[in-house]
Peer 1: 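Sharing a structure with you now.
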Amino acid sequence: MSFKSIVPVFLLGATLLTPALAAETPLHLFSAPTLSPDGRLLATLDTVEHPESDETPVPSLVLRTLPDGKAITITLPCKACTPSSPSWSPDGKHLAFLVRQKDTQNRQILRVGSNGKGLETLLKFTGSLQTLRYGPDGSLAVLAIAGARRDPGALQAGAPETGEIDAKEDEQRIATVEKNALHWQSPEGLYVYEYDWQKSDHPAFIGTAAEGNGDAHWWQAHLSHFADGQERVLYTHALSQQIGLPVVAPDGKSVSFVAGLMSDFGFFGGDALQLDLTRQDASPTTLTPNSKSTVTGLSWCNNRLIASVLSSPKTVFQALDNQPPLTISDDDLLSDGGGEPRLICAGTQSVVIRQNFTKAPELWAGPIGSWKQITHLNAGLSVPAKASSISWTSDGFTVQGWHLSPLSRPESMTRGGKVPLITTVHGGPSSAVTPRFLRASGDAAVFLKAGYDLFMPNPRGSYGQGEAFTMANRRDFGHGDLRDVHRGIDALEKAAPIDENRLALTGYSYGGYMTMWVVTQTDRFKAAAAGGGVSNWQSYYGQNGIDAWLPPFFGASVYDDPGVYAQSSPITFIKQVKTPTFVYVGANDVECPPPQSLEFYHALRTLGVPTSLVIYPGEGHGMRGHDHARDAQRRMLAWFDRYLNTPFVRTSPAN
């Protein structure tokens, strides 16, 4: 399932706490970097966040010359246009990109010259378009959904469930763009998630696809070859493995991809595998066997396959061939703007977006490991906090996490030389807290500014320490990972002046589930806040829109093994709860539907445990609306302030 953090947030994919404390200074963010084939031009989507603004910022498409970083902003045909998915032509003379008109299904494919001039329209379309890519022969391909009911992705707010359910499913297909029209290259009845061009005499592609509902069935997606509207299946994975990030070799003779236990589409992690495309009977070869780290990206750089790796807590880039050896390691997060390590390459050049908890993101470019900073747009932005990586042992594992502390805090927050601590559990569970800049609009920044220390553990089930560690909470949700959290707090209390009597807990998605679970298992935490969580895995199975993610983690469906679902369900142990718990969720959450939060809230209210529930209208899996995000933050902070500074008083059961 997909539980991460967005301000962003995703349930069992990730937690939405990625903040920064400078409240007045705009923050420049970069995403979707792409290099021209000769490495001399860089295109990015640049977004400027004004912390106090209520409007969602719209990214700009920016071209930069390298190595000087001189920028040209492309003027779009409308103010409400949102660009995405920039792609360079093989000759480097043109940049194509997608544009969406705000609050509509109107899409366009535009093209501009390498000098930023000569904007032209290649396609107008009603529906969904994403992942635009030029092929080796200069043709364009895209993933398209004609007449899409909504934007694809389980994190989006769900469409109303009315009428005959599942009577019509959106189908995302590969299409080439010719003469202002789409020509389908993958067959009907399949939902294609990702693809790459394969060098061939005619359009051919390697991608991942599954039948039926696109949100629900990604966990079953197989690897296939597509051409002329036909599919040939190349590889079907085991139940406990998902695949993503297919990258075809420049000669078209092999495809590499990431395979592992994954809880969310888009948050890929596992081992690197490679499949020989010249043999019909070939099986994938594991390129990173027995690794103690997690591959989160693959890139062909100067005819070498480079793995982007999370080796907790570091970013590592490693060549997956034997000569000459190449390994680059860095304490900062080096990525394409996302939360996992990722390297963008073209020829001998590469680009990364460098950041950490206290250092705002900037663009760096150059040969791998010899990058030079090319932007200084966030110079002067500072975060009055310090961050450190900590590690501890638990059941034979070495577990890693992060401790964040404000440089100053109100005197009232320090008692007897000790300070309160909020533990934040990330979503996923197949994910990890990485050192992303603390944005002023994020929950973590709000907590730090209020004077709380933060603990962000990466317990078993997380990325960063190899596939065995990621799989270590399979069929064991809440049990081993809770032991890891407890022992992490124990280790932190030995190194920092943490007040054991003022501990709080929060999380979203899987972190929301863990919050609901933990308060049924221990009274150690004096207050809790659960966002988009799961209280009852058995009822959840039939309520959510992505149930296919559950068998890989529980080993079977709830109908075949209900007991394994019950043993990790908070509702099974609900009468043990004493911790005051605030609960919130989006009204249109497909991944963690509101009934799960309602069930938990109803039980606590009946049992007389202090609780509060807020369901935010129009929200999917995560608080994307600024007003809603701020309201949830205010409520959480008030909840923690109340119960970490006043004694708990049990109320009478509700009528």
Peer 1: In Å, rounded to the nearest 0.5 Å, how long is the span from OG1 of Thr506 to CG of Asp443?
Peer 2: 7.0 Å
Peer 1: Evaluate the side-chain proximity of Gln596 to Val534: yes if any heavy-atom separation is below 4.5 Å, no if none is.
Peer 2: yes
Peer 1: Would a distance-only check, ignoring hydrogens and angles, find a side-chain to backbone donor-acceptor pair under 3.5 Å from Glu467 to Gly260?
Peer 2: no
Peer 1: Taking the six-membered ring for Trp, are Phe573 and Trp517 parallel (under 30°), tilted (30 to 60°) or perpendicular (over 60°)?
Peer 2: perpendicular
Peer 1: Do Gln567 and Val564 have side-chain heavy atoms sitting under 4.5 Å apart?
Peer 2: yes
Peer 1: Can you find a side-chain donor-acceptor pair between Gln400 and Ser389 that sits under 3.5 Å?
Peer 2: yes
Peer 1: For the residue pair Val446 and Tyr452, establish whether any side-chain heavy-atom pair is separated by less than 4.5 Å.
Peer 2: no
Peer 1: Quick one: does any side-chain atom of Arg460 pair with a main-chain N or O of Gly480 as donor and acceptor, under 3.5 Å?
Peer 2: yes
Peer 1: Given ring-ring contact (aromatic ring centres under 6.0 Å, His included), test Phe257 with Phe268 step by step and report yes or no.
Peer 2: CA-CA 10 Å; Phe257 55 96; Phe268 305 111; over 10 Å; no
Peer 1: Evaluate salt bridge (charged side-chain N to carboxylate O under 4.0 Å, His left out) for Asp395 paired with Arg483, printing each intermediate quantity in order.
Peer 2: CA-CA 9 Å; Asp395 296 343; Arg483 293 196 297 275; 2.8 Å; yes
Peer 1: Can you label the angle between the Tyr193 ring and the Trp218 ring as parallel, tilted or perpendicular, going by 30° and 60°?
Peer 2: perpendicular
Peer 1: Verify side-chain hydrogen bond (donor to acceptor under 3.5 Å, both in side chains) between Asp46 and His28, making sure each step is shown before the conclusion.
Peer 2: CA-CA 7 Å; Asp46 290 19; His28 292 257; 5.9 Å; no
Peer 1: Is a side-chain donor-acceptor pair under 3.5 Å present for Thr315 with Asp330?
Peer 2: no
Peer 1: Side-chain contact test, heavy atoms from C-beta onward, threshold under 4.5 Å: evaluate it for Val609 versus Lys578 and give yes or no.
Peer 2: no
Peer 1: Under 3.5 Å, is there a donor-acceptor pair between the side chain of Asp481 and the main chain of His479?
Peer 2: yes
Peer 1: Under the 3.5 angstrom rule, does the side chain of Arg474 hit a backbone N or O of Pro552 as a donor-acceptor pair?
Peer 2: yes
Peer 1: Do the charged groups of Glu500 and Lys418 touch, with an N to O distance under 4.0 Å?
Peer 2: no
Peer 1: Using modelled atom types and a 3.5 Å cut-off, is there a donor and acceptor pairing between side-chain atoms of Trp639 and backbone atoms of Pro580?
Peer 2: yes
Peer 1: For the backbone of Leu261 and the side chain of Ser430, can you confirm whether one donor and one acceptor N or O come within less than 3.5 Å of each other?
Peer 2: yes
Peer 1: Are His486 and Thr522 close enough, and set up right, to give a side-chain contact (heavy atoms from CB on, under 4.5 Å), and what steps lead you there?
Peer 2: CA-CA 10 Å; His486 274 313; Thr522 178; 3.9 Å; yes
Peer 1: Where does the angle between the aromatic ring planes of Trp371 and Phe317 fall among parallel (under 30°), tilted (30 to 60°) and perpendicular (over 60°)?
Peer 2: perpendicular
Peer 1: Going from CZ on Arg342 to CG on Leu310, what distance comes out if it is rounded to the nearest 0.5 angstrom?
Peer 2: 11.5 Å
Peer 1: Closest approach of Phe30 and Glu362, non-hydrogen atoms and distance?
Peer 2: CE1-CA, 3.8 Å
Peer 1: With ring centroids as reference points, do Tyr540 and Tyr565 lie under 6.0 angstrom apart?
Peer 2: no
Peer 1: Should Leu343 and Val352 be marked as a side-chain contact (heavy atoms from CB on, under 4.5 Å) after you check the CA-CA gap, both sets of side-chain angles, and the distance that decides it?
Peer 2: CA-CA 6 Å; Leu343 180 67; Val352 294; 3.7 Å; yes
Peer 1: Are side-chain heavy atoms of Leu421 and Thr423 found at a separation under 4.5 Å?
Peer 2: yes
Peer 1: So does Asp331 pair up with Lys359, basic N to acidic O under 4.0 Å?
Peer 2: no
Peer 1: Ring centres under 6.0 Å, that's the criterion: do Phe582 and Phe640 meet it?
Peer 2: no
Peer 1: For the rings on Phe600 and Tyr513, is their centre-to-centre separation under 6.0 Å?
Peer 2: no
Peer 1: Would you call the rings of Trp392 and Phe455 parallel, tilted or perpendicular, where under 30° means parallel and over 60° means perpendicular?
Peer 2: tilted
Peer 1: Distance-only, no hydrogens or angles: does the Thr579 side chain make a donor-acceptor pair with backbone N or O of Phe525 under 3.5 Å?
Peer 2: yes
Peer 1: Do Asp631 and Tyr616 have side-chain atoms, one donor and one acceptor, less than 3.5 Å apart?
Peer 2: yes
